[in-house]
2 protein chains.
Amino acid sequence: MSTPNSYSGPYLAEIAHLMGDPARANMLHALMDGRALTAKELAWLAGVAPQTASGHLAKLMQGGLLAVAAQGRHRYYRLAGPEVAQALEGLMVLANREGSGRRLPSRVGAELSFARTCYDHFAGKLGIAIHDALMAGGHLAVSEGGYALTASGKAIFVALGVDPDQSGRSRRAALRPCLDWSERRPHLAGHLAAALACRCFEMGWTRRRKDSRAVTLTGEGRSVLEAALPGFRCDAPEPAVTPSRREPAPAPA
Amino acid sequence: MSTPNSYSGPYLAEIAHLMGDPARANMLHALMDGRALTAKELAWLAGVAPQTASGHLAKLMQGGLLAVAAQGRHRYYRLAGPEVAQALEGLMVLANREGSGRRLPSRVGAELSFARTCYDHFAGKLGIAIHDALMAGGHLAVSEGGYALTASGKAIFVALGVDPDQSGRSRRAALRPCLDWSERRPHLAGHLAAALACRCFEMGWTRRRKDSRAVTLTGEGRSVLEAALPGFRCDAPEPAVTPSRREPAPAPA
DNA sequence: TCGATGCTACGGCCGTCACCGTAGCGTCCC
DNA sequence: GGGACGCTACGGTGACGGCCGTAGCATCGA
């Protein structure tokens with residue numbers, strides 16, 4: 001009764017509080033590539049014991065941030081939906097602003113900002129290159145709550161092996177812009193973008209890096225995209241020596 | 001060294017932790033209408049003593065979420081930028097999902113979801129109505145990272161008394177979609193949207209409600225918008241008895 | 001000049017919660 | 001079946017941090 005204007009403040013605080021713990025934030029960050037991970041993997045990634053991780057995961061579940069799929073004796077956790085990933089991206093934009101003083105370490109930052117998965121689609125320089133090439137070519141049109149493909153845009157998706165008319169859940173836009181936290185420019189999200197990313201992994205045009213959201217564009221992938229997408233241009237990533245960081249677990253003191 | 005994949009996790013946690021305290025969340029929520037408020041006002045809105053609020057504000061400043069303008073013996077705090085508002089909106093989307101069980105109280109929710117300011121532009125049913133009318137009429141086109149006005153769109157802005165070619169900071173898109181947390185559909189953000197909102201308040205087409213982000217569309221405003229924007233349609237808000245909630249401060253026990 | 005006001009700095013109190021120990025339940029492999 | 005493995009439930013410990021007291025500095029008005 002003492003806080004007349006705090007309509008959603010408490011709810012907002014509840015969600016933010018869930019994300020505000022380092023261990024939980026690490027887990028959420030790791031899940032932002034859209035994959036589903038087991039509790040043990042998440043525990044290791046977060047740097048805590050499995051018991052602790054279990055508690056965190058239960059809290060995240062109760063808060064509606066995660067979904068779980070039980071499979072045998074494993075439980076695979078994933079983000080509850082694209083809104084969660086989008087909210088996290090919004091926070092990443094803040095966390096990586098120049099003003100805040102904290103930036104990604106340059107090596108790692110270069111890999112991640114070249115190409116990575118953002119929930120289920122491409123982000124980074126690669127995602128933006130795709131977005132820009134489609135836009136510059138007039139293959140995108142404004143639509144209900146996002147983008148729609150023009151006829152020429154649909155032809156491009158067909159050429160890449162993605163059915164542009166597969167209407168997933170009709171509520172969500174097939175294509176929409178998503179602000180990129182590393183480049184501060186939009187890339188393509190939505191289930192068509194996800195289908196395109198999926199196709200790229202299937203065909204070996206892109207590959208996931210181990211233990212990272214970073215993505216590698218293969219030589220074949222570059223050729224395919226340049227052929228199908230007039231104007232597509234994406235600077236090569238530096239070869240980036242594999243850091244071979246492979247400490248299995250923090251040695252218990 | 002024990003968390004190989006947590007590149008931005010800690011930074012993300014830091015930002016989220018700042019937003020995760022109820023008092024701070026209330027402050028941020030109150031500032032989401034883009035206005036600048038004094039420390040005392042924010043203390044009252046957050047339901048804490050001024051000393052406590054001062055500490056919170058210092059933390060939010062250090063985290064880069066707020067900016068301050070000293071004016072005499074008052075210090076006016078406001079959000080540091082649109083990115084902050086956007087990140088908060090992203091969290092609100094999560095906080096107000098059906099699944100979470102917590103929704104806005106219906107009375108208040110109805111007022112806020114009809115029309116409100118979102119940092120510096122209109123959101124809610126009003127914001128969406130403007131967005132939809134412009135889109136349906138073909139007045140928007142996809143542009144570099146957002147929307148651009150077509151010739152007919154520019155004419156509409158001119159008719160409303162807003163210069164569509166005022167290029168603010170050229171880095172930011174003049175118009176871009178912004179997901180609405182109450183309606184789950186996009187409304188218009190960007191500095192042209194802000195200019196339009198500003199014009200509406202100046203001309204008395206809309207009015208702010210006291211102690212709330214809610215906005216009222218006046219009869220004149222409705223006429224003006226319907227005349228200038230073919231297809232504009234915005235259901236009337238329920239008259240909504242003014243709750244006259246006016247407890248000056250929580251009685252100290 | 002003096003008092004009132006807005007805001008911030010410091011100190012002590014106390015609640016909340018992250019953490020990991022042990023223990024228990026369900027599942028897979030041999 | 002027996003054992004190993006994945007995960008969760010519970011309890012105690014410790015620390016971080018929110019809270020408000022008093023005190024101090026800057027500004028405005030008379």
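What you see below is based on every heavy atom in this structure, not just the backbone, and it leaves out hydrogens, waters and symmetry mates. Source: prediction; values computed, not measured. Chain A is the first sequence line, chain B the second, and so forth, proteins listed ahead of strands; every chain is numbered from 1.
Between A/Lys40 atom NZ and D/dA4 atom P the separation is 14 Å, expressed in whole Å. Spacing between atom CG of A/Leu37 and atom P of D/dC7 amounts to 11 Å, rounded to whole angstrom units. Atom NE2 in A/His17 sits roughly 11 Å away from atom C1' in D/dG17 (whole-Å rounding). In this structure, A/Glu41 places its CD atom 14 Å from C1' of D/dC7, rounding to the nearest Å. Between the NE2 atom of A/His74 and the P atom of D/dT8 there is a distance of 12 Å, rounded to whole Å. The CD atom of B/Glu14 sits 15 Å away from the P atom of D/dC16 (whole-angstrom rounding). B/Gln51 places its CD atom 15 Å from the P atom of D/dG24, with the value rounded to the nearest Å.
Residues B/Asp33 and B/Arg116 have side chains not in contact (no heavy-atom distance under 4.5 Å, counting atoms from C-beta outward).
Scanning for side-chain contact (heavy atoms from CB on, under 4.5 Å) contacts around A/Ala197 gives A/Phe122, with sequence neighbours left out.
Residue-level contact check: A/Tyr76 touches neither bases nor backbone, having no heavy atom under 4.0 Å from any strand.
Panel note: side chain B/Thr218, backbone B/Trp205; a donor-acceptor pair is recorded below 3.5 Å. A donor-acceptor pair under 3.5 Å is formed between the side chain of A/Arg24 and the backbone N or O of A/Leu18.
In the 5' to 3' direction, nucleotides of DNA chain C lying under 4.0 Å from heavy atoms of chain A begin and end at C/dA18 to C/dC28.
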Practice prompt. Go through A/Leu45 and A/Asn26 one step at a time and tell me if the side-chain contact (heavy atoms from CB on, under 4.5 Å) criterion holds.
Written response: CA-CA 7 Å; A/Leu45 290 170; A/Asn26 282 335; 5.9 Å; no
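The terminal axes of the helix from C/dT1-D/dA30 to C/dC30-D/dG1, fitted over 5 pairs per end, subtend an angle of 30° to the nearest 10°.
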